[in-house]
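Reading through the structure tokens given below for one structure.
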Amino acid sequence: MTGKAPALDAERGSIELLERASELSVLGAALDRVRKSSHGQIVLLGGEAGAGKTSLLRRFREDCAQDVRILSGGCEPLFTPHPLGPLLAVAEDVGGELDSVVESGVMPHEVVSALVRELRAHAPTVFVLEDVHWADEATLDVLRLLALRIENVPALVVATYRDDELERAQPLRTVLGELATAPSAERLKLALLSPDAVAELAAPYAADAGELYRKTGGNPFFVAEVLAARADEIPETVRDAVFARASRLSADAKRLLEAVAIVPSHTEPWLLEALAGDAIVALDECLSSGMLNAEVEGLAFRHELARLAVDESIAPSRKTALHRQALASLAAASGRHHDLARLAHHAEAAGDEEAVLRYAPEAAAGAAKLGAHREAVAQYERALRAGNGLSPDERAHLLEQCAASCLVTDQYDKGIDALQQALALRRVSGDVLGEGDAQRRLSEFLWCPGRTDESEQLAREAVAVLERLPAGPELGMAYANLATVLSAATRTDEAIAWGTRAIELAKQLGETSAAIHALVTVAACEEDYEKLKPTVTRALDAGLTGQASRAYAVLAGSAVQTHRNSVAREAVEIGSAFCSERGIELSGLYLRAHRARLELHEGNWTEAADAAAWVLRTPRTSTTPRILALAVIGLLRARRGDPAPREPLDEAWALAEPTGELERLGVVAAALAEVAWLEGDAEGVDSATRFAFELALERRSGWMVGELGAWRRRAGLPADAGESATGPYALLLDGRPLEAAAQWKELGCPYEAALALGDADEDEPLREALEEMQRLDAPVPAALIARRLRERGVRGVPRGPRAATQRNPGGLTPREHEVLTLVAEGMRNAEIAARLVVSERTVDHHVAAVFRKLDVCTRADAAATAVRLGVVAQDR
Ligand SMILES: Nc1ncnc2c1ncn2[C@@H]1O[C@H](COP(=O)(O)OP(=O)(O)O)[C@@H](O)[C@H]1O
Ligand SMILES: [Mg+2]
């Protein structure tokens, strides 16, 4: 390549950014809105590495008026990032309360409170969080919580991320999914450059623009790198382009680049001096060549892609030496933030096991304290990798700590494996106390993914082993765990007995954790939610986060099962916030599943579907939340008349059945019974409920006996529940549907009330039931009831489209309306299917129906007609 070489340096604003006008105006408009209304806004800026996210924001910031404050923090490409890393920089920048809060290592929700105060004090602010695909969990929590409050915060928050890395960034995906529905959040995707733009950039270099575009795909970084390399041939890969460019530099400059490359993100000048030695003389050369930038935090590669390319090319021995030097210098520096994550990173890369063991466990404990449990797990794993010299006890301890963080982040395979190793180590060293305790931990772990037999066996073994020793807190936890395992199996009397022992022992020992655990379990066994509530408070007072979150989840689950809606609502709302602020994903997931059922009970079907979909989107090993969510989806499909209601229920049954636990399989059995009943299949009701009904009777689970019994009775099957059924179900089984309906209404469960009315043998209640079903958008049961009315000779019973449909312009059903709204938003059928948790075929079917009813042929026409009819709002 020949030709004159203009300084190709977007960073210094010397070249125009190509094809970014519309993105800049979106950002500008967002900032204007913030400025005028004081309502905040979040923009999520996605694009592949090198797409120009940083450059775009740099330009936007240059364009911002004087009255705007700009704060910015970037996430670092560390394998195990420092919790709240990007916020440390921001906090240091603004000082004051935010700084002291962040500095003192508090939980994300406290950080957000301080941040919100800070943002309100200096309005408007543009708050940039760069590269959140690398963010630690605590930082993601801050982003999520900030988003929840952004309506009332006068700031424009811009978070950038690599959208091609989302596969590997599950926690970020979850956050993006949540933010996607927030009204003040907007997603912006940065496209790559067009062939024209590439040609424009290539022109001064007389490079072959066509080939340049073909090889780079229009990735701006790649294009810029190729042009700057001025090689004779256009390199094939980004790495080759970076090498080609670096190869034009002096030997010193190359050595200097290597020194900068081993430090992720930025290299402080003092650190660089220590690393580079004599090669520091080449600093100007590196800067003027444009390979390095001098930024406030230190020296940095123009781009992470370049850093990685150089880092990968360093000879192993030189690399180790550099990391060793970095470790020594960082350890010696008495910096403001003694950055353990950074130290652990260099220690591992330097192959210094002792140093890894010095820093990684401490980094892990710190991360766990901030609720960044995933980072904690990664740090423990790092320590264990370096742990050749550990004693069995030390190793077992690290494994147990690691497993504890695995449990709250629902990483089962990892956690179970760690505990099995720990248990073996405890045995080897003849540590009986440790053995029993590890057994108890493992039992707890095995229960969640449904390995109930093993779980119970270990729970009993733990008790037996620990009873050989003087009673201590470990035995208390073992009793409490056995109680929980038995309670989950609805072996209520046994559970209460073991729980009581745990409580007594805990009282003797003055031990709170086991006491609370057992109190929660016993109260749940007794279905006594009045007793449950104070245990939550007690756990909170004692600062026992894990116990408190479990108590919320158990309280919510129990209240949902017993149809105490307001208690359930409170536990779900407060508990969810509590869990998300503290990174307790497991209980959070349970709470979300309980929420789905609660919404279903209250007749809020869209919300129920949303909550269930959220649970199903989060790929987790714990089967109970998944089972509950699948049951909700199956019921919604059956009631609405959407296809394949059995699909989710069959999956749920496959998960629930092997556990033999009523808690898991009873809910599915009831749902399957309802589907069969709606299909007029009495035999199906029988086969769905026979086993679970017996089990519920045996376990004396009043609500479950009632629910299953009610379906059996409706299907004309034997349903002798004796005195066992609880709540309105007892009335139903007693043949008093009207009284049952009244009770259901009082409990705030309209669907159950309508079902009960539908059991009546009089016209008036049946009419009311029909109306209620129509109002609830439950056409399938509505049709059953309508048929009964007609059979009774009642006239004027609607046959055609149901009431809800008639209210909709275009004659769309609520479901079709929902689908059309999403079509109008530009979603493809696959995306709509994912959003609504139905199959793509179902969506095809709905879309076809919409096209037919609106008499259109294309999605664009459908969207336009939708706006014209007022089916969707203009501004979508
Ligand atoms: N719109 C653009 N037009 C021309 N060059 C661009 C543009 N956007 C980015 N570049 C070039 O690509 C490089 C990488 O962009 P950068 O913003 O760092 O990417 P990202 O942050 O998305 O990884 C920039 O240094 C600049 O040379
Ligand atoms: Mg960037």
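In this chain, residues are counted from 1 in sequence order. When reading the values below, keep in mind they use all heavy atoms of this one structure, side chains included, and skip hydrogens, waters and symmetry mates. All ligand and atom numbering here is 1-based and tracks the order in the structure.
- Around atom 12 (O) of ligand 1, the closest heavy atom drawn from F221, F301, F222 belongs to F221.
- Of the possible donor and acceptor atoms, one in the side chain of K53 sits under 3.5 Å from a partner among the backbone N and O of E48.
- Taking distance alone, with nitrogen or oxygen atoms compared against 3.5 Å, T54 approaches ligand 1 more closely than that limit.
- Side-chain contact between R35 and V68 is present, with at least one heavy-atom pair separated by less than 4.5 Å.
- Ligand 1 lies within reach of G50, whose nearest heavy atom is under 4.0 Å from it.
- Contact atoms of ligand 1 toward G52: 8 (N), 9 (C), 15 (O), 16 (P), 17 (O), 19 (O), 20 (P), 22 (O) (distance under 4.0 Å to a heavy atom of the residue).
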**Study point:** Stepwise salt bridge (charged side-chain N to carboxylate O under 4.0 Å, His left out) check, R307 with E258
**Key:** CA-CA 9 Å; R307 184 186 78 79; E258 291 180 351; over 6 Å; no
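- Of the N or O atoms in A49, none lie within a sub-3.5 Å distance of an N or O in ligand 1.
- Here the side chains of Y380 and E375 are not in contact, with every heavy-atom distance at 4.5 Å or above.
- Residue contacts with ligand 1: L201 is placed with no nitrogen or oxygen under 3.5 Å of a nitrogen or oxygen of the ligand (distance criterion only).
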**Study point:** Candidate pair E268 and R342, rule salt bridge (charged side-chain N to carboxylate O under 4.0 Å, His left out), full reasoning
**Key:** CA-CA 13 Å; E268 296 90 335; R342 246 178 128 184; 2.9 Å; yes
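- Atom CZ in F127 sits 7.0 Å away from atom CG in L119 (nearest 0.5 Å).
- For a distance bound of 2.8 Å, the N, O or S atoms of T54 include one lying that close to the Mg ion (ligand 2).
- Distances from atom 22 (O) of ligand 1 to the heavy atoms of E304, E130, K53, H303 put K53 nearest.
- Geometrically, ligand 1 and A51 share a nitrogen or oxygen pair separated by less than 3.5 Å.
- In this structure, R302 counts as a contact residue of ligand 1, since one of its heavy atoms falls inside 4.0 Å of the ligand.
- Short contacts between ligand 1 and R20, defined as distances under 4.0 Å to a heavy atom of the residue, involve ligand atoms 1 (N).
- Among the atoms of A224, none of the N or O lies under 3.5 angstrom from an N or O of ligand 1.
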**Study point:** Step-by-step side-chain hydrogen bond (donor to acceptor under 3.5 Å, both in side chains) determination, Q41 to S184
**Key:** CA-CA 5 Å; Q41 175 114 13; S184 322; over 6 Å; no
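- No side-chain N or O of T216 forms a donor-acceptor pair with one of N219 less than 3.5 Å apart.
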